[in-house]
Protein chains: 2
Amino acid sequence: MKKIDIYKKLRSSGLRPTKQRVEIAKFLFEREKTFHFTVESLNKLLTKKINSKFALATIYNTVHSFKAAGHLSEVEVRGNKTYFDTNVSNHHHFYDSETSELIDIDASDIVIQKIPKAPNGKKIKNVEVFINLKN
Amino acid sequence: MKKIDIYKKLRSSGLRPTKQRVEIAKFLFEREKTFHFTVESLNKLLTKKINSKFALATIYNTVHSFKAAGHLSEVEVRGNKTYFDTNVSNHHHFYDSETSELIDIDASDIVIQKIPKAPNGKKIKNVEVFINLKN
DNA sequence: TTTTCACTTTAGAATTATTATAAACTAGAA
DNA sequence: TTCTAGTTTATAATAATTCTAAAGTGAAAA
């Protein structure tokens with residue numbers, strides 16, 4: 001993804017392309033594979049990659065802006081930290097609690113045959129499958 | 001569940017039946033339906049029910065002991081707080097983000113037809129399905 | 001029954017993740 | 001170039017949880 005595309009991506013979602021947002025967006029979206037991270041891990045990786053350091057609050061702000069804009073999804077994982085995923089399509093996850101690692105599973109790789117009705121006046125928003133791993 | 005059974009339950013899992021543990025166990029396990037709670041909600045409910053108040057650390061200690069003994073399971077839910085469930089059998093959940101409410105789904109009510117293989121040297125520990133609800 | 005001690009409880013401090021605040025900064029329109 | 005709303009930043013505040021160390025207590029042994 002070129003710099004111009006990053007700018008477009010930000011602008012089209014109402015986010016002013018600031019230096020920080022562009023750097024973080026480049027880091028997150030210029031990759032082949034999907035990327036899973038926490039704010040802490042992202043902060044460490046960014047500090048290592050670029051010489052300048054951003055305020056932690058900026059990482060939080062940016063990640064939340066990206067999520068609100070639909071460029072990141074949040075993954076619920078047992079534990080204290082919040083995980084984010086650059087894969088925003090409907091999909092599922094393996095979770096390896098030994099390494100705290102998430103691995104994407106394509107939506108088409110899980111087929112559910114039987115599913116219960118939503119209770120009372122509710123509707124089903126989406127279905128998330130977690131496959132927990134062991135050694 | 002009678003007091004004698006609570007004592008058995010605690011003893012058989014290596015937990016000394018202290019006043020606090022017995023009270024909390026009675027509150028959690030003397031019910032028909034499964035019960036979902038956070039440490040905060042449990043603390044509030046306990047304070048209301050019994051006139052004496054336990055230290056918050058005791059609630060944490062006890063809940064974690066019960067979990068380690070297999071009497072409670074932990075449910076991953078998007079958000080900051082940790083949810084526990086008195087249903088320790090293999091099952092799934094509806095999650096209503098509007099009310100932060102969890103509802104059990106019996107394992108037999110969800111049938112998965114196709115599932116991917118575990119990566120590299122890993123094995124599947126268990127599969128958890130979350131059905132997120134909307135209005 | 002009394003003694004003893006490892007296990008528990010407790011209050012409060014410490015830690016960790018996250019959000020709020022308010023001042024300084026900046027992208028980009030005018 | 002100026003102006004301003006939106007952004008970044010350092011720091012404080014909050015919230016959930018864990019740690020600590022002293023006081024308390026089941027229950028085994030004497």
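In what follows, chains carry the letters A, B, and so on, assigned in the order in which the sequence lines appear, proteins first and then strands, with residues in each chain numbered from 1. Just so you know, these numbers use all the heavy atoms, side chains as well, and skip hydrogens, waters and symmetry mates. Fair warning: this is a prediction, and the values are worked out from it, not measured in the lab.
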Face-on cation placement of B:Lys9 at B:Phe29 ring, 6.0 Å and 45° thresholds:
yes

Winner on side-chain proximity to B:Pro17, out of C:dT9, D:dA27, C:dT18, is D:dA27

Among the candidates C:dT10, D:dA15, D:dT17, find the nucleotide nearest to the side-chain atoms of B:Val39.
D:dT17

It should be established whether [X] places a side-chain nitrogen or oxygen under 4.0 Å from OP1 or OP2 of nucleotide [N].
X       : N      : value
B:Thr18 : C:dT9  : yes
A:His64 : C:dT19 : yes
A:Arg11 : C:dG28 : yes
B:Tyr60 : D:dT18 : no
A:Gln20 : D:dT9  : yes
B:Arg16 : D:dT25 : no
A:Thr82 : C:dT18 : yes

Of A:Thr38 and B:Ile59, the one whose closest nucleotide on DNA chain C sits nearer the 5' end is B:Ile59

Between [N] ([atom2]) and [X] ([atom1]): distance, integer Å:
X       : N      : atom1 : atom2 : value
A:Asn61 : C:dA24 : CG    : P     : 19 Å
A:Lys44 : C:dT16 : NZ    : P     : 11 Å
A:Tyr83 : C:dA17 : OH    : P     : 11 Å
B:Leu56 : C:dA13 : CG    : P     : 15 Å
B:Leu15 : C:dA6  : CG    : P     : 19 Å
B:Phe54 : D:dT25 : CZ    : P     : 13 Å
B:Glu40 : D:dT14 : CD    : P     : 16 Å

How about A:His93 and A:Asp85: does a side-chain donor come under 3.5 Å of a side-chain acceptor?
yes

So how far is it from A:Ile24 CD1 to A:Phe66 CZ, rounded to the nearest 0.5 Å?
6.5 Å

Please compare A:Arg21 and B:Ala57 by the position of their nearest nucleotide in DNA chain D and report the one closer to 5'.
A:Arg21

Which of parallel (below 30°), tilted (30 to 60°) and perpendicular (above 60°) describes A:Phe35 and A:Phe37?
parallel

Ring center gap for A:Phe130 and A:Tyr95 short of 6.0 angstrom:
no

